[in-house]
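These numbers come from the heavy atoms of this one structure, side chains and all, not from hydrogens, waters or symmetry mates. For reference, positions follow the sequence shown, starting with 1.
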Amino acid sequence: MTDHFDDERDEIIDGDITENNDSNQQDDSEYEKFCFLCHRPESQAGKMIELPNNIHICNDCMQKSFDTMTQQMNNGLNLNDLLNMPNVSMINLGSLQDAIPHPKKIKKKKEAAKPAIDLKKIPAPHKIKASLDEYVIGQERAKKVMSVAVYNHYKRVATDTMDEIEIEKSNMLMIGPTGSGKTYLVKTLARLLDVPLAIADATSLTEAGYIGDDIESVVSKLLAAADNDVEKAEHGIIFIDEIDKLAKKKNTNQRDVSGEAVQQGLLKLLEGSEVEVPVGANSKNAMVPMVTVNTKNILFICGGAFPDLENIIKERLNKQASIGFYADLKDKYDNDPHILEKVTVDDIRAFGMIPEFIGRLPIIYTLNGLNEDMLVQILKEPKNAILKQYQKLLALDEVKLDYEEEALHAIAAKALEKHTGARGLRAILEEYMLDIMYEIPKDDSIGQVIITREYIEGTGGPRILLRGQEIPLLSVQ
């Protein structure tokens with residue numbers, strides 16, 4: 001009787017192990033195998049030869065190993081002599097298990113004929129702009145241009161194989177002063193569209209062979225953002241910030257490895273080509289698996305502040321007739337807040353960007369600098385406005401936070417003095433909210449805090465209301 005139960009238990013255990021193995025095989029079947037020697041994926045190297053302990057070797061590497069062994073045999077090396085040599089033993093595959101690098105798994109490309117993006121699910125430009133309006137204040141033209149460009153881009157991706165008419169890429173170049181919302185616009189756009197986004201800094205890119213990140217590293221970041229799903233990454237967005245730092249160096253005889261050379265290297269990515277990128281690393285090396293990504297359907301957005309570009313524009317505009325009744329004054333454009341809107345391709349080329357690079361960014365638009373009224377709107381109107389964040393934090397302590405309109409204008413005026421755009425707002429608020437956030441949790445009787453202009457200007461303090469009555473305080477100590 002006992003033997004009968006033991007047999008049934010063994011059958012159950014064997015059945016569980018078989019089911020687990022089947023599920024593991026199904027999970028692994030969705031991912032590519034990599035060669036242990038050359039680290040190429042199965043899609044490039046072909047079918048793999050499986051060895052014990054989950055080791056895979058491609059046919060090329062296995063053939064090279066046999067050829068090397070045969071050559072040694074022909075040169076007079078006896079296998080028995082090799083085995084009897086001191087301090088030499090056959091390789092134990094089990095001991096290699098810990099030495100094997102565990103590459104990040106790469107999903108196999110699906111060979112489905114249907115497009116990766118459904119044309120009906122792409123939001124119309126006016127809906128994209130309406131969503132951006134909830135988070136971004138001002139910059140109406142920039143939001144309109146981005147909405148149309150992104151809509152056309154994903155229509156291009158969805159209709160890639162519909163007919164013989166090929167729609168070209170609509171890569172973008174945005175120009176605007178620091179703190180005007182370039183990176184924030186792209187982040188918001190990617191979040192609304194639910195597509196992978198990679199943000200790269202052009203200042204870290206160098207020509208291949210030099211210290212720094214290779215140009216392909218921007219695609220590697222996008223692959224990581226797409227959870228190493230190549231097909232998903234090939235429909236993502238790459239934002240290259242500080243692109244103006246790649247301008248050609250003037251009056252120098254040294255090799256420009258981080259300027260013009262990087263512009264040349266980015267040409268193939270912007271145009272669309274298949275590039276091999278490392279998985280889980282920024283640089284290529286022998287221990288990192290490689291995968292091929294096609295940049296044909298990746299939308300590239302480049303952004304930069306382009307300092308001193310205004311002077312180039314003014315110089316061009318002032319070259320118009322300077323003699324006669326219709327002559328322009330030399331200082332006509334000195335105080336023009338919209339001078340960047342008059343930018344042309346020639347101005348960008350004079351700044352130091354090569355013509356081939358500019359030609360692959362057909363959509364060029366500018367962002368306006370922020371004024372005091374826009375900064376006040378940024379403080380209180382967006383969905384995730386800074387003041388709303390503080391109100392949420394104090395609401396968790398059952399305290400209501402309010403503010404006077406004049407106090408907001410005082411904060412905006414201080415931010416304008418810093419010349420850092422919207423970034424200055426957070427720093428100023430952190431400074432004034434520090435004492436409030438520190439003192440409020442001490443007293444459970446406090447029900448409301450009102451930020452006043454006097455508190456911001458240093459001549460008074462915030463008004464603090466107890467639950468049911470008001471007590472004026474000169475300052476929060």
Side-chain angles (χ1 to χ4, degrees), residues 117 122-123 125-157 169-205 213 215 217-226 232-246 266 269-270 295 297-306 340 348 353 357 360-370 374 378 382-385 420-423 426:
I117 295 178
I122 304 174
H126 69 280
K127 293 183 179 179
I128 297 176
K129 184 181 178 300
S131 300
L132 289 175
D133 288 337
E134 296 180 358
Y135 295 92
V136 182
I137 298 298
Q139 316 298 358
E140 295 299 319
R141 173 165 172 76
K143 290 186 288 189
K144 187 175 181 179
V145 171
M146 288 185 74
S147 301
V148 173
V150 169
Y151 179 66
N152 289 339
H153 173 75
Y154 283 105
K155 279 199 299 185
R156 169 184 179 271
V157 173
K169 290 179 71 173
S170 53
N171 296 324
M172 292 179 270
L173 172 64
M174 65 168 75
I175 302 171
T178 180
S180 57
K182 297 185 293 295
T183 306
Y184 187 67
L185 264 172
V186 178
K187 284 183 178 179
T188 306
L189 187 66
R191 185 172 67 248
L192 295 175
L193 296 174
D194 192 23
V195 295
L197 167 69
I199 299 178
D201 196 342
T203 54
S204 64
L205 301 178
D213 293 340
I215 295 165
S217 66
V218 299
V219 184
S220 184
K221 289 181 180 179
L222 181 64
L223 186 63
K232 187 177 179 182
E234 288 180 346
H235 303 130
I237 299 175
I238 293 179
F239 176 56
I240 305 178
D241 201 5
E242 306 290 350
I243 200 70
D244 52 301
K245 304 303 186 291
L246 300 181
L266 284 172
L269 297 184
L270 297 174
T295 65
N297 292 328
I298 296 177
L299 178 62
F300 285 86
I301 304 175
C302 299
F306 288 85
L340 276 180
I348 301 174
M353 312 305 287
F357 184 80
R360 286 165 173 80
L361 299 168
I363 300 176
I364 301 174
Y365 56 97
T366 61
L367 277 71
N368 299 321
L370 303 178
M374 293 176 68
I378 291 171
K383 265 192 173 182
N384 57 343
T420 54
R423 293 189 183 95
R426 182 83 192 199

For this session: Check the pair Met146, Leu189 against side chain to side chain contact (heavy atoms under 4.5 Å, CB included), reporting the backbone distance first and the verdict last.
Result: CA-CA 9 Å; Met146 288 185 74; Leu189 187 66; 3.6 Å; yes
For this session: State whether the number of non-hydrogen atoms from other residues, nucleotides or ligands found under 6.0 Å of Arg423 atom CZ is greater than 12.
Result: no
Exercise. After noting the C-alpha distance and the side-chain angles of Leu367 and Tyr365, does the key distance pass the side chain to side chain contact (heavy atoms under 4.5 Å, CB included) rule?
Worked result: CA-CA 7 Å; Leu367 277 71; Tyr365 56 97; 4.0 Å; yes
Exercise. How about Ile298 and Ile237: do any of their side-chain heavy atoms sit closer than 4.5 Å?
Worked result: no
For this session: Output the distance between atom CD1 (Ile243) and atom CG (Leu361), rounded to the nearest 0.5 Å.
Result: 7.5 Å
Exercise. Are Asp241 and Lys182 within salt-bridge range, i.e. N to O under 4.0 Å?
Worked result: no
Exercise. Stepwise, does the side chain to side chain contact (heavy atoms under 4.5 Å, CB included) test hold for Leu197 with Val186?
Worked result: CA-CA 9 Å; Leu197 167 69; Val186 178; 3.7 Å; yes
Seminar exercise, completed: Taking every heavy atom of Leu340 against every heavy atom of Pro177, the minimum-distance pair comes out as CD1-CD, 4.2 Å
For this session: Look up atom CG in Leu269 and atom CD1 in Ile215, then write down how far apart they are to the nearest 0.5 Å.
Result: 7.0 Å
Exercise. Side chain of Glu134, backbone of Pro382: donor and acceptor closer than 3.5 Å?
Worked result: no
For this session: May I ask you to check if Arg191 and Tyr135 form a cation-pi contact, with NZ or CZ under 6.0 angstrom from the six-membered ring centre and within 45° of the axis?
Result: yes
Exercise. Any sub-3.5 Å donor-acceptor pair from Asn171's side-chain atoms to Phe300's backbone N or O?
Worked result: yes
For this session: Specify the closest pair of heavy atoms between Ala149 and Ile363, including all atoms of both residues, with the distance to one decimal.
Result: CB-CD1, 3.6 Å
For this session: Please name all residues satisfying ring-ring contact (aromatic ring centres under 6.0 Å, His included) with Phe239, sequence neighbours left out, ordered by chain then number.
Result: none
Exercise. What residue among Gln139, Glu140, Arg141 forms side-chain contact (heavy atoms from CB on, under 4.5 Å) with Asn368?
Worked result: Gln139
Seminar exercise, completed: side-chain contact (heavy atoms from CB on, under 4.5 Å) with Met174: of Ile301, Val145, Thr183, only one passes, and it is Ile301
Problem set entry | Modelled atom types, side-chain donor and acceptor of Arg156 and Asn297, under 3.5 Å | yes
Exercise. Looking only at heavy atoms, what is the nearest atom pair of Lys143 and Asp133, with distance?
Worked result: NZ-OD1, 2.5 Å
Exercise. Say you draw a straight line from CD1 of Ile240 to CG of Leu173; how long is it, rounded to the nearest 0.5 Å?
Worked result: 10.5 Å
Exercise. How far apart are the closest heavy atoms of Ser217 and Leu205, and which atoms are they?
Worked result: OG-CD2, 3.7 Å
Exercise. If you take all heavy atoms of Ile238 and Val218, which pair is closest and at what distance?
Worked result: CD1-O, 3.8 Å
Exercise. To the nearest 0.5 Å, what is the distance between CG (Asp213) and OG (Ser220)?
Worked result: 9.5 Å
For this session: Rounded to the nearest 0.5 Å, what's the gap from CG on Leu185 to CE on Met172? Could you check?
Result: 10.0 Å
Problem set entry | Atom pair OG (Ser170) and OH (Tyr151), whose distance is rounded to the nearest 0.5 Å | 13.0 Å
For this session: Kindly determine whether Val148 and Ile128 satisfy side chain to side chain contact (heavy atoms under 4.5 Å, CB included), including the steps that lead there.
Result: CA-CA 9 Å; Val148 173; Ile128 297 176; over 6 Å; no
Problem set entry | Over 12 non-hydrogen atoms of neighbours within 6.0 angstrom of NZ in Lys245 | yes
Problem set entry | For the student: nearest non-hydrogen atoms of Ser147 and Pro125, plus distance | CB-O, 3.5 Å
